[in-house]
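Since we're looking at a predicted model, the values are computed, not measured. Chain identifiers are assigned alphabetically (A, B, ...) following the order of the sequence lines, protein sequences preceding nucleic acid strands; residue numbering begins at 1 within each chain.
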There are 2 protein chains.
Amino acid sequence: MNIRKPRFRGDPAGEGCPVEYTLDIIGGKWKGVLLYHLIDGTKRFNEFRKICPSITQRMLTLQLRELEEDGIVCREVFQQVPPKVEYSLTDLGRTLVPIILHMKQWGESFRKCEQLPK
Amino acid sequence: MNIRKPRFRGDPAGEGCPVEYTLDIIGGKWKGVLLYHLIDGTKRFNEFRKICPSITQRMLTLQLRELEEDGIVCREVFQQVPPKVEYSLTDLGRTLVPIILHMKQWGESFRKCEQLPK
DNA sequence: CGGTATCCGGCCAGATACTG
DNA sequence: CAGTATCTGGCCGGATACCG
């Protein structure tokens, strides 16, 4: 599994395809899962780590920051000890929910097709 | 814009999230555009190059091969000179069309939001 | 708890040349 | 026309250590 993630803001030769634009935002290595788990409510940093044990701290931070930059996710810092940070979907982020759910449904329906012996 | 593409078949720690599974298939650097342009019919190799002038021959081949491996795209070779190869959506590929169109629609609707001065 | 900072190997992807 | 082959740089992303 090599999950390099795209992101080509600026899109030098991007032909401005809207599909690419959308994929640029949600297609990141972990963004799909992160967004999916944000659908049912606010999450804290370490909650994500429990949900996705294989994501590193670094990658989690980076992916969340990108989603934040794109206005998809809201990061709320509580000034207290111990620190607490909550992540949630923005209004813009919520407009992506149907797509995420659709992709989830598709994945569930067709994953089994790949299991077939080649 | 750095467009590394994912693909993590095998998914050692993938948590088996269906969303990730779907993104693994359509989230490739160029797959969104390629699939989108296949919606309205069969395309030849060089037609894609005209549509996406910035994609290299190598990448086009690789992306199409992956889509083919995943059973999304059908590659049909015509034994003739000069050679002719046609690409089209498979039945499985066609089940992705609603998602692609949905992403296109989202991209069109919200791209403008990014134009706003930060 | 929720992060940075830094180092570094590996793979992605571009460029270029060649082919059936 | 529709590819393959090869080389290479650069970024992705893991590991580790440290911090407010």
Side-chain angles (χ1 to χ4, degrees), chain A residues 1-14 20 23-24 27-34 38 42-69 73-88, chain B residues 1-14 20 23-24 27-34 38 42-69 73-88:
Chain A
M1 183 201 290
N2 29 349
I3 309 195
R4 303 342 186 55
K5 179 38 190 175
R7 299 239 94 214
F8 47 114
R9 343 182 109 285
D11 189 348
E20 283 296 293
L23 275 176
D24 185 35
K29 184 174 179 177
W30 300 96
K31 293 183 185 173
V33 229
L34 298 183
L38 279 174
T42 291
K43 292 278 177 301
R44 294 180 61 174
F45 192 80
N46 278 352
E47 290 189 78
F48 283 123
R49 300 192 68 190
K50 280 167 204 155
I51 296 171
C52 316
S54 63
I55 190 171
T56 60
Q57 221 167 23
R58 171 190 158 85
M59 284 314 296
L60 181 53
T61 303
L62 291 176
Q63 297 281 294
L64 286 170
R65 288 292 191 283
E66 288 191 354
L67 288 170
E68 195 190 350
E69 274 177 50
V73 156
C74 171
R75 179 170 179 266
E76 195 176 359
V77 181
F78 294 80
Q79 289 295 351
Q80 60 181 53
V81 180
K84 175 180 173 184
V85 179
E86 282 188 351
Y87 295 91
S88 57
Chain B
M1 175 201 294
N2 26 352
I3 311 196
R4 304 341 189 54
K5 180 38 190 176
R7 295 240 96 212
F8 46 113
R9 341 181 111 285
D11 190 349
E20 283 296 294
L23 275 176
D24 185 34
K29 185 175 182 177
W30 300 96
K31 294 183 184 172
V33 227
L34 298 183
L38 279 174
T42 291
K43 292 276 178 300
R44 295 180 61 175
F45 192 80
N46 278 352
E47 289 189 78
F48 283 122
R49 300 192 67 190
K50 279 167 205 157
I51 295 172
C52 316
S54 63
I55 191 172
T56 60
Q57 220 167 26
R58 172 192 157 84
M59 283 314 296
L60 180 53
T61 302
L62 290 176
Q63 297 281 294
L64 286 170
R65 288 292 191 284
E66 288 189 354
L67 289 170
E68 195 189 351
E69 274 178 50
V73 156
C74 171
R75 178 171 179 267
E76 194 176 0
V77 181
F78 295 79
Q79 290 295 352
Q80 60 182 54
V81 180
K84 175 180 171 183
V85 179
E86 282 189 350
Y87 295 91
S88 56

Determine: side-chain N/O of [X] to OP1/OP2 of [N], distance under 4.0 Å, yes or no.
| X | N | answer |
| --- | --- | --- |
| Arg65(B) | dT4(D) | yes |
| Arg75(B) | dG3(D) | yes |
| Arg44(B) | dC1(D) | no |
| Tyr87(B) | dG3(D) | yes |
| Arg49(A) | dC1(C) | no |
| Lys29(A) | dG14(D) | yes |
| Thr61(B) | dG3(D) | no |

Among Arg75(B), Glu76(B), Glu68(B), Lys43(B), the one residue meeting side chain to side chain donor-acceptor pair (under 3.5 Å) with Tyr87(B): Arg75(B)
Nucleotide nearest [X] when distance is taken to its side chain, options [options]:
| X | options | answer |
| --- | --- | --- |
| Thr56(B) | dG14(C), dG3(C), dG3(D) | dG14(C) |
| Pro83(B) | dC1(D), dG2(C), dT6(D) | dC1(D) |
| Gln57(B) | dA17(C), dT4(C), dG14(D) | dA17(C) |
| Met59(A) | dG14(D), dG3(D), dA15(C) | dG14(D) |
| Asn46(B) | dA2(D), dT4(C), dG14(C) | dA2(D) |

First of Glu86(A) and Arg58(A) reached from the 5' end of DNA chain C, by closest nucleotide: Glu86(A)
Contact summary for Thr42(B) and Ser88(B), nearest pair of heavy atoms: OG1-CB, 3.6 Å
Rounded to the nearest angstrom, tell me the gap between atom [atom1] in [X] and atom [atom2] in [N].
| X | N | atom1 | atom2 | value |
| --- | --- | --- | --- | --- |
| Leu62(B) | dG3(D) | CG | C1' | 11 Å |
| Leu60(A) | dG2(C) | CG | P | 10 Å |
| Glu66(B) | dG3(D) | CD | P | 15 Å |
| Phe48(B) | dG3(D) | CZ | P | 10 Å |
| Leu64(B) | dG3(D) | CG | P | 8 Å |
| Lys50(B) | dA2(D) | NZ | C1' | 12 Å |
| Phe45(A) | dG2(C) | CZ | C1' | 6 Å |
| Gln63(A) | dG3(C) | CD | C1' | 16 Å |

Leu34(B) and Leu60(B), any side-chain heavy atoms less than 4.5 Å apart: yes
Side-chain touch Val33(A)/Phe48(A), heavy atoms, less than 4.5 angstrom: no
Distance, nearest 0.5 Å, that separates CE of Met59(A) from SG of Cys52(A): 11.5 Å
Spacing of Leu62(A) atom CG and Thr56(A) atom OG1 [to the nearest 0.5 Å]: 8.0 Å
